[in-house]
Amino acid sequence: MIKTADLRGLICPEPVLRTKRLFDDMSVHRVEALVDDEVCVNNLKRLSHSLDASATVHERDGYFEVVMERAEHRHPHVETTMGSALQGEGDRGAARAGTREDLAGDLSAQPIEKQRPGESKEPSAGQRVEAARSDEASKAPGRIGTVIFLAKDTFGDGDPAFSRTLINLFLQSVLQSGLVPRAILLANSGVKLMAPDSQTQVVLQDFQAKGCEVLACGLCLEFYGLKDRIARDQITNMYSIVEYLFAADKVLTP
Amino acid sequence: MTDTQRSGFAKLTASIKAAGCAAKMSPTELAEVLRALPSLSSPNLLTGMENFEDAAVYKITEDIAIIQTTDFFPPVVDDPYTFGRIAAVNALSDVYAMGGAPILALNILCFPTCDYPLSVAREILRGGADTVAEAGAVMAGGHSIQLPEPIYGLCVTGVVHPARMLTNSGARVGDVVVLSKPVGTGVGLLGLKGGQLSETQREELIRNLTTLNNRSLEIALRYQVHAATDVTGFGLIGHLHEMACASGLEFALWADSVPLLPGTQALAQQGFVPAAAYSNRRAYQPFVNNKIDVDESLADLLYDPQTAGGLLFCVDQMQAENLLQELQQLEMTSAAIGTFRSGTAGAVEIGVRSGHAETRAEGHDKDG
């Protein structure tokens, strides 16, 4: 999930504190923050480094935009699934080295992308945020299309084993229909659907490969003892689930 | 929480951009301003402006010189009484840094009477008065005005025997510097404001900020202290640089030996670094030479502006060990943090203590 934050006009340590809180939600993989000065920029770089995230700084007209992205999301070709965890480790290592250099270059020699003098007038912050969102239309909430919400690991109520087979069939059918939902949200016993030994794990991975976010409620994962077995960036909270449900054009709950 | 904090007005630190000594003008700005001023001298004025001493010392008789200093800043904590104590500890410190004893203090108070109840002003002044009394000096009055942002501090008068005054210029080759308090108050106060400190970390921070430097000076005066200063807004490296400049020597800092306040290194790693730490770095980096790969967060703390910081005592290597042992009887963490040697005047080299195996200083945050 992408979050944007206009942190201009806030007094230190508010900008870094608010960004940190955004990243506390593990389903947030990218934060685009607007800040006033280089001190905030440097502090956000340090925060990114500590979170193993990259930080790209763009100097705008009188302020800075800092785009921070968690390591495992930095290479779009890497499927962010449990199966690619090893590859993810390597990426993280490389990213860490890169960020260190950024930090060493501090203050004066920042990798700042200057605005070209010939460029047209900078759009307003709001316009820019919108633009960023449409670029990442498959990722960010806001007019987001269909969301599948699974609050149990069965399709309806009936014989438990049969109901679990049916949910697998449901997910397979959606996948084969070619209609890719924006996100699949898992809560309560629904989180078991993404457990590594679950029969639905593979189909959920296929959805991810197609750009659909598969997110599970952290509290639920914890309750069912699954939290350690699920990739960090797929863990979300009730707050985000609510955000998705309200932003969705349509919510499917079989 | 005190009663005043429950009654619905804004937190004292809510609108404050820079806390405590982090609110100081940057060294670069200050030098620019002072450059244009005439350097005044008098045969009785024992300190000049050229060495950036902590306070002015003026000889009254052959046996008595007065020390005059002032220091004030916006709130560093929300509790007004604690703010008063911290501001007073910080202002009194300059007298101790010159080797003297404070005798008299005056309040300097700027206060927005429309925004806060008068009880807040009273609590600030009570914190100041209690601390001045603890220092054995007399609180004799002061001056207050209305300003949108609260500010508090003291003007302090102290006394010292002219021959026993301590300055930052007497360091000798081979001298070891002993620091009487851990560093990290700038980062720690930002973390406190952001609600990032554990209860024990908070207590440790406040304890450091409200501890007078009188007892560590008292111990140090039993030794032959060649030079001294206190660590304040320009950060540990800034004050070491000034000492090295004034003494015409180079300083070798043992980064692995610098005591840090608990939790502050983790905070610096996450970006809780005050603006003044960056401006200090910009100002002093040209004089600093990294012999080792210094961890970024540790470097932040070495440049971190200190409020009510510790004293730096410069003593002969032979005396350093005993001095340190005695200081360690006190509640504050103290440590030998480096040595002076001949070389480029004012240069600071960041390395590790010889004999220590580390090639990379990661710092050594006490967990709290």
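A quick note: this is a predicted structure, and the numbers were derived from the prediction, not measured. Throughout, protein chains are lettered first and strands after them, A, B, ... in sequence-line order, and every chain is numbered starting at 1.
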Original post:
Where do B:E296 and A:H49 land on the side chain to side chain contact (heavy atoms under 4.5 Å, CB included) test, with the steps shown first?
Top reply: CA-CA 10 Å; B:E296 193 67 20; A:H49 187 233; 5.9 Å; no
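Contact check for B:Q269 versus A:R46: no side-chain heavy atoms found under the 4.5 Å cut-off.
Each of A:P15, A:S50, A:P13, A:C40 has some count of heavy-atom pairs under 4.5 Å with chain B, and the biggest count is that of A:P13.
Side-chain N or O atoms of A:N43 include one that pairs as donor or acceptor with a backbone N or O of B:V273 at under 3.5 Å.
Within a 6.0 Å sphere centred on CG of A:L10, heavy atoms belonging to other residues, nucleotides or ligands number more than 12.
Between atom OG1 of residue A:T19 and atom CD of residue B:Q270 there is a gap of 12.0 Å, rounded to the nearest 0.5 Å.
B:Q196 and A:L17 make their closest contact through NE2-CD1, 3.1 Å (heavy atoms, listed as atom of the first residue, atom of the second, distance). For B:K193 against A:I11, the heavy-atom pair with the smallest separation is NZ-CG2, 3.8 Å.
For B:A268, the part lying near chain A is the backbone, with the side chain staying farther off; criterion is any non-hydrogen pair under 4.5 Å.
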